[in-house]
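Right, one structure below, let's go through it.
In the text below, chain A, chain B and the rest are named by the order of the sequence lines, each starting its count at 1.
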Protein chains: 2
Amino acid sequence: MHKAMDTLREYGIQATPQRVAVAEFVLQTDTHPTADEVWATVRRRCPTLSRATVYNTLNLFAEKGLLKLQPLKDGVIVFDPHVEPHHHLIDDETGKVFDVPWNAVKIAGAATVEGFEVREYQVVMRGRRRR
Amino acid sequence: MHKAMDTLREYGIQATPQRVAVAEFVLQTDTHPTADEVWATVRRRCPTLSRATVYNTLNLFAEKGLLKLQPLKDGVIVFDPHVEPHHHLIDDETGKVFDVPWNAVKIAGAATVEGFEVREYQVVMRGRRRR
DNA sequence: GTTCGTGCAAACGGTTTGCAACAAT
DNA sequence: ATTGTTGCAAACCGTTTGCACGAAC
């Protein structure tokens, strides 16, 4: 109980009703939502919630390390509560983003590019669902 | 000579002065420019060139396979004339995007994700220049 | 009472679209 | 004559910002 609230406190974020509502949705979803998708969803439970607060809240969460911004889609920012290293697969048809476990792919050489210190890397795959 | 013009014809694109000017820049650059950067650059040589034409032209080029859209940066679309498979490295400090040759990284498993037909994949690396 | 968070609306930046003029076929 | 291309401006969409109100410390 009060899981989202506890998480916020852990990360040094003042727990307001709006932030808790946003956290409750965004920290447990695997849909890689955009800010507007978060707004549309959370608003149903918390109708006074404004767009600005959602954007502020998501950016705050990202700063504090609860979320990661993933530039996976054209011109939009998607948020991912799964902050540990993993890969991504994007469905060409629907645009949906799926997580791929880190150990599903074996990589050699990505951490050592000449002249660079690579901080992180991931494989981005695109394709379509097999039916 | 007339290399850009020939390329456009090869791809079935009517060669107008504006399109040739855009092509001459965007097909030879390795800077992964945004549409506005293309506009700013090409405009110096072709001052009548409008933003709309640049956007239309780049989208046309992408449709026809001369360029690839790469969703590598937050909220912006960057264009890459290097359409063969390769990887990308983004400098954390400057945001600049660099190409990494395909064979610089060895990957196993990215082409075979359960339930998906992977059409393409690439490694996206982030880090900073070593000084 | 000062700080912080919220909601609203306006502003913003990148991109697309509608339309009239124009060039090419 | 028809089709396709351009430039301009307006519209659009996602996101950020300014500001006044209200809540929390």
Which pairs with one or both residues in residues 53-66 of chain B pass side chain to side chain donor-acceptor pair (under 3.5 Å), sequence neighbours excluded?
B:D36-B:Y55, B:S50-B:T53
Please tabulate the protein-to-nucleotide N/O contacts below 3.5 Å involving nucleotides 16-23 of chain C, giving atom names and distances.
{"unit_1": "C:dT16", "atom_1": "OP2", "unit_2": "B:N59", "atom_2": "ND2", "d": "3.1"}

Can you check whether B:T53 has a side-chain N or O nearer than 4.0 Å to OP1 or OP2 of D:dG7?
yes
Taking only side-chain nitrogens and oxygens of B:T48, does any of them come within less than 4.0 Å of OP1 or OP2 of D:dG7?
yes
Provide the full list of ring pair (Phe, Tyr, Trp, His ring centres under 6.0 Å) pairs with a residue in residues 101-131 of chain A, sequence neighbours left out, each pair given once.
A:H87-A:W102, A:W102-A:Y121, A:F116-B:F98
Pairs touching residues 60-86 of chain B that satisfy ring pair (Phe, Tyr, Trp, His ring centres under 6.0 Å), sequence neighbours left out
B:H82-B:H86, B:H86-B:H88
Report the distance from atom [atom1] of [X] to atom [atom2] of [N], rounded to the nearest whole Å.
{"X": "A:Q18", "N": "C:dC4", "atom1": "CD", "atom2": "P", "answer": "17 Å"}
{"X": "B:L8", "N": "C:dA24", "atom1": "CG", "atom2": "C1'", "answer": "16 Å"}
{"X": "A:L58", "N": "C:dG5", "atom1": "CG", "atom2": "C1'", "answer": "15 Å"}
{"X": "A:D74", "N": "D:dT15", "atom1": "CG", "atom2": "P", "answer": "13 Å"}
{"X": "B:L49", "N": "D:dT6", "atom1": "CG", "atom2": "C1'", "answer": "10 Å"}

Applying side-chain contact (heavy atoms from CB on, under 4.5 Å), run through A:R9 and A:T7 and close with a yes or a no.
CA-CA 5 Å; A:R9 295 216 179 94; A:T7 307; over 6 Å; no
What pairs with [X] under salt bridge (Lys or Arg N to Asp or Glu O under 4.0 Å), at least two apart in sequence or on another chain?
{"X": "B:D92", "result": "A:R119"}
{"X": "B:E10", "result": "none"}
{"X": "A:E93", "result": "A:R131"}

For DNA chain D, what residues of residues 19-38 of chain A have any heavy atom nearer than 4.0 Å?
A:A35
Other residues, nucleotides and ligands only: do more than 12 of their heavy atoms fall within 6.0 Å of CD on A:E114?
no
Quick one: side chains of residues 37-46 of chain A, donor-acceptor pairs under 3.5 Å with protein atoms, not counting sequence neighbours, listed by atom name and distance.
{"unit_1": "A:E37", "atom_1": "OE1", "unit_2": "A:T34", "atom_2": "N", "d": "3.0"}
{"unit_1": "A:W39", "atom_1": "NE1", "unit_2": "A:L49", "atom_2": "O", "d": "3.0"}
{"unit_1": "A:T41", "atom_1": "OG1", "unit_2": "A:E37", "atom_2": "O", "d": "2.8"}

Which side-chain N or O atoms in residues 11-23 of chain A pair as donor and acceptor under 3.5 Å with protein atoms at least two apart or in another chain?
{"unit_1": "A:T16", "atom_1": "OG1", "unit_2": "A:R19", "atom_2": "N", "d": "3.2"}
{"unit_1": "A:R19", "atom_1": "NH1", "unit_2": "A:Q14", "atom_2": "O", "d": "3.1"}

Quick note, A:V76 side chain, CB onward, closest among D:dG7, C:dG7, D:dT15 is D:dT15
Donor-acceptor list for residues 67-74 of chain B side chains, cut-off 3.5 Å, not counting sequence neighbours:
{"unit_1": "B:K68", "atom_1": "NZ", "unit_2": "B:E120", "atom_2": "OE1", "d": "3.0"}
{"unit_1": "B:K68", "atom_1": "NZ", "unit_2": "B:E120", "atom_2": "OE2", "d": "3.4"}
{"unit_1": "B:K73", "atom_1": "NZ", "unit_2": "B:G95", "atom_2": "O", "d": "3.2"}

Give every pair of a protein N or O atom and an N or O atom of nucleotides 22-25 of chain D that lie under 3.5 Å apart, one pair per line with the distance.
none

